[in-house]
Asks: 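The structure under discussion is supplied below as structure tokens; questions concerning it will follow.
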There are 2 protein chains.
Amino acid sequence: MDGSGTGDLTIAERIRDDLHRFTPTERKAAHVLLANYPVAGLETTAEFAKRADVSAPTVLRFVSRLGFQSYPDFQRALREELDKQGQSPLAKKAYGSGEAGIGGPLAAFRDGLVDNIRETFRHVPAAEFDAVVTLLADRRRPVHLIGGRFTDVLAAHMTAHLRVVRPGVGHISGQPGNWRDQAVDYGRSDVVVMFDIRRYQDDLARLAGVAAGRGATVVLMTDQWLSPIARHARHVLSARVAVPSRWDSLTAMLALSEAVLAAVTERIWPDAEQRIQAIDGLRSK
Amino acid sequence: MDGSGTGDLTIAERIRDDLHRFTPTERKAAHVLLANYPVAGLETTAEFAKRADVSAPTVLRFVSRLGFQSYPDFQRALREELDKQGQSPLAKKAYGSGEAGIGGPLAAFRDGLVDNIRETFRHVPAAEFDAVVTLLADRRRPVHLIGGRFTDVLAAHMTAHLRVVRPGVGHISGQPGNWRDQAVDYGRSDVVVMFDIRRYQDDLARLAGVAAGRGATVVLMTDQWLSPIARHARHVLSARVAVPSRWDSLTAMLALSEAVLAAVTERIWPDAEQRIQAIDGLRSK
DNA sequence: GAAAATCTGTAACCCTCGTTACAGGAATTG
DNA sequence: CAATTCCTGTAACGAGGGTTACAGATTTTC
């Protein structure tokens with residue numbers, strides 16, 4: 001499928017292995033690339049050539065000898081590498097060393113989760129996060145929550161917690177056909193929080209369209225590839241979901257949800273505290 | 001010196017700050033870039049646009065609004081950033097994760113979550129984990145799941161996933177009074193998975209007592225201080241729940257649940273795969 | 001030391017990608 | 001409800017970059 005198709009070694013590793021096969025000037029290019037990996041390879045042929053003090057064709061012959069059909073192909077491969085590595089800056093486990101990893105599959109799974117949380121929080125736009133917190137902390141705004149087939153538990157989780165600290169919180173449940181019956185009542189003050197990860201559900205997207213059309217503020221919690229609901233959403237928070245498993249992981253998304261809940265609760269604490277005491281009072285009776 | 005000339009913030013930070021200035025589709029592009037930083041920006045405008053599901057001109061308007069003269073200029077800036085960061089592989093502060101970004105309480109919260117996951121997995125007894133996986137992978141054993149006030153969403157989560165890969169999975173719902181009506185039917189082959197964290201619910205404990213009395217195998221997912229249900233449980237898996245927040249965190253417990261689910265799914269994959277295909281077949285009709 | 005083979009840069013070609021004008025459409029405002 | 005503004009995709013344009021042929025330079029080999 002990929003241009004090279006040569007095992008799963010890093011391009012850098014392949015260069016080191018094949019270093020003796022290159023001509024002198026090609027080797028020059030190779031060393032420059034290794035010394036500025038992978039940035040040099042992401043530049044244009046002209047820039048790369050100038051950096052290595054060789055000609056552009058030499059650069060092309062170099063990547064060609066590496067087994068790539070074209071220079072764009074080569075760059076694509078570099079970006080893919082960067083992407084994998086970028087998702088888990090510290091976890092090189094997938095590469096070089098044994099894929100089993102130290103500590104077996106459980107440890108690998110754990111590392112995946114930790115990386116996901118790290119990456120998720122790293123990419124959270126502060127303004128977006130604050131805006132969402134402000135919205136949810138506004139007790140005058142009715143809040144409605146819903147999620148997809150597997151993510152609805154996150155909606156339920158947030159619903160349960162929000163209900164404790166503020167009034168006017170509802171979980172949209174029942175048949176998809178009935179969702180819109182509720183949505184037609186939404187207005188400018190309503191907030192709709194939706195959870196949707198890949199294998200996105202179009203019935204959710206339709207609901208989002210209706211809600212947004214009514215003037216409601218849609219908040220979307222999704223994965224890094226963004227649900228189509230993003231089109232209708234005023235605010236988007238995305239979390240990493242990929243792990244070494246047959247399933248996608250909701251851990252990072254729950255982590256983000258809990259962070260939002262913690263911030264909301266902190267924001268309205270005096271009110272929330274009173275409310276909690278009142279609830280506990282009822283409960284004990 | 002640089003193409004943009006706007007301070008020394010990273011591009012990611014500038015995007016986060018200016019997020020409100022963008023038009024809806026531009027914001028979509030922004031989110032895609034942040035979620036796949038910086039790789040998405042190193043692709044061609046067409047690829048980037050496709051990834052974000054917007055048109056190429058929108059991508060250009062996006063980078064233009066960021067203050068770059070041209071798309072190549074923008075890419076050059078990204079590469080420079082990547083270069084600086086690459087020189088010190090461990091210096092990830094360059095991006096949002098450090099104190100430069102949101103930092104503060106959010107970072108502390110995130111660290112708490114990560115620590116919880118690490119500690120949780122560290123203390124998981126391998127034998128116990130395997131035993132639980134074996135139990136849940138046995139399709140001849142009916143499985144019933146339930147949780148407490150806030151943890152029931154985890155029971156629902158596990159139910160939803162188990163149901164996909166095997167038959168005989170049920171979520172115990174309804175009034176606490178009715179729980180025991182179901183429990184009287186349990187026998188030696190039944191497995192009851194219960195989630196319970198502090199502020200333990202005694203109605204759950206009573207249910208556990210009944211189920212265990214009938215010979216059912218009780219599996220308990222709880223916090224590090226152990227729910228009283230542990231008394232009746234054959235197997236116990238515990239997770240850390242304490243974080244800098246008014247709430248306890250379920251993130252580590254979800255992480256553990258997902259690890260169990262991943263292992264169960266892997267264990268019975270041939271069967272599960274067939275089952276999934278059958279389900280998808282029904283779904284598409 | 002001469003001839004062959006290999007290497008490497010120059011220059012021209014062509015194609016892709018970045019760019020921009022424009023029109024349809026959505027949202028907003030009076 | 002009409003008018004206006006803003007937004008967004010389509011389509012055509014033009015430049016820059018990837019590519020290639022070729023010739024000079026260098027090394028190798030007999």
Side-chain angles (χ1 to χ4, degrees), chain A residues 3-4 18-33 39-79 186-188 205 208-218 226 228 230-234, chain B residues 3-4 18-33 39-79:
Chain A
S4 60
D18 295 353
L19 212 50
H20 63 280
R21 291 170 164 249
F22 300 128
T23 67
T25 46
E26 283 169 15
R27 204 166 308 152
K28 215 165 156 187
H31 278 122
V32 167
L33 176 55
V39 173
L42 294 172
E43 299 172 343
T44 66
T45 51
E47 287 169 324
F48 187 175
K50 187 180 177 189
R51 204 199 267 249
D53 194 30
V54 298
S55 68
T58 297
V59 170
L60 290 180
R61 284 188 280 262
F62 161 62
V63 302
S64 166
R65 196 173 308 240
L66 267 176
F68 293 98
Q69 292 286 334
S70 69
Y71 194 71
D73 260 16
F74 165 68
Q75 293 190 315
R76 218 184 316 279
L78 280 179
R79 284 198 303 263
Y186 294 168
R188 302 213 152 278
V210 173
R214 294 276 157 186
T217 301
V218 175
L226 298 194
R231 177 176 190 74
H232 304 111
R234 187 82 54 88
Chain B
S4 58
D18 294 352
L19 211 50
H20 61 280
R21 290 170 168 251
F22 299 128
T23 67
T25 47
E26 284 169 14
R27 201 166 316 157
K28 214 165 157 188
H31 276 119
V32 167
L33 176 56
V39 173
L42 294 172
E43 299 172 344
T44 65
T45 50
E47 287 170 323
F48 186 175
K50 188 180 176 187
R51 204 199 266 250
D53 192 31
V54 299
S55 69
T58 297
V59 170
L60 290 178
R61 283 188 280 262
F62 161 62
V63 302
S64 165
R65 197 171 307 238
L66 268 177
F68 293 97
Q69 292 287 334
S70 69
Y71 193 71
D73 260 16
F74 163 69
Q75 292 189 315
R76 218 183 318 278
L78 280 179
R79 284 198 302 262

Asks: Considering only heavy atoms of chain A and a distance under 4.0 Å, specify the first and last nucleotide of DNA chain C in 5' to 3' order that meet this criterion.
Replies: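 It runs C:dC7 to C:dT10.
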
Asks: So A:Thr23 and A:Arg65, do their side chains get closer than 4.5 Å, heavy atoms only?
Replies: yes

Asks: Ignoring hydrogens and angles, tell me if any N or O in the side chain of B:Gln75 forms a donor-acceptor pair with the backbone of B:Glu43 under 3.5 Å.
Replies: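 Present.
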
Asks: Shortest non-hydrogen contact from A:Val63 to A:Phe74?
Replies: CG1-CD2, 3.7 Å

Asks: Write down the distance between CD (B:Gln75) and P (D:dG16), rounded to a whole number of angstrom.
Replies: 15 Å

Asks: Looking at B:Glu47 and A:Arg76, is any side-chain nitrogen of the basic one under 4.0 Å from a carboxylate oxygen of the acidic one?
Replies: yes

Asks: If every non-hydrogen atom of A:Thr25 is compared with every non-hydrogen atom of A:Val54, which pair is closest and at what distance?
Replies: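 In terms of heavy atoms, the two residues are closest at O-CG1, 3.8 Å.
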
Asks: Just so I know, are the side chains of A:Leu33 and A:Phe62 near enough to count as touching, which here means a heavy-atom distance under 4.5 Å?
Replies: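 Sidechains of A:Phe62 and A:Leu33: in contact.
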
Asks: What heavy-atom pair brings A:Ala49 and A:Ala56 nearest, and what distance separates the two atoms?
Replies: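 Result for this residue pair: CB-N, 3.6 Å.
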
Asks: If we ignore hydrogens and angles and just use 3.5 Å, is the side chain of A:Arg27 paired with the main-chain N or O of A:Phe22 as donor and acceptor?
Replies: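 Confirmed, A:Arg27 side chain pairs with A:Phe22 backbone.
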
Asks: Output yes when at least one side-chain N/O atom of A:Thr45 is less than 4.0 Å from OP1 or OP2 of D:dG17, else no.
Replies: no

Asks: Five pairs at each end of the helix from C:dG1-D:dC30 to C:dG30-D:dC1: take the axis at both ends and give me the angle between them to 10°.
Replies: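 Result, rounded to 10 degrees: 30°.
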
Asks: Expected output is a numbered-order residue list: members of residues 54-62 of chain B with a heavy atom under 4.0 Å from any atom of DNA chain C. What is it?
Replies: B:Pro57, B:Leu60

Asks: Which heavy atom of A:Ala40 sits nearest to which heavy atom of A:Arg51, and what is that distance?
Replies: CB-NE, 4.0 Å

Asks: For A:Thr58, does its backbone N or O pair with a side-chain atom of A:Glu26 as donor and acceptor, under 3.5 Å?
Replies: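 No, because the side chain of A:Glu26 does not come within donor-acceptor range (under 3.5 Å) of the backbone of A:Thr58.
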
Asks: Whole angstrom is fine here: how far is it from CZ in A:Phe74 over to P in D:dT19?
Replies: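 Rounded to whole Å, this separation is 12 Å.
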
Asks: Output the rounded distance in Å from CZ (A:Arg65) to C1' (D:dT19).
Replies: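 Rounding to the nearest Å, CZ of A:Arg65 and C1' of D:dT19 are 17 Å apart.
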
Asks: Nearest whole Å is fine: how far is D:dG17 P from A:Lys50 NZ?
Replies: 12 Å

Asks: Parallel, tilted or perpendicular: which describes the rings of A:Phe48 and A:Tyr71, with under 30° parallel and over 60° perpendicular?
Replies: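 Geometry flag for A:Tyr71 against A:Phe48: tilted rings.
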
Asks: Considering just the side-chain nitrogens and oxygens of A:Thr44, establish if one lies under 4.0 Å of OP1 or OP2 belonging to D:dG16.
Replies: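 For A:Thr44, the contact criterion (side-chain N or O under 4.0 Å from OP1 or OP2 of D:dG16) is not met.
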
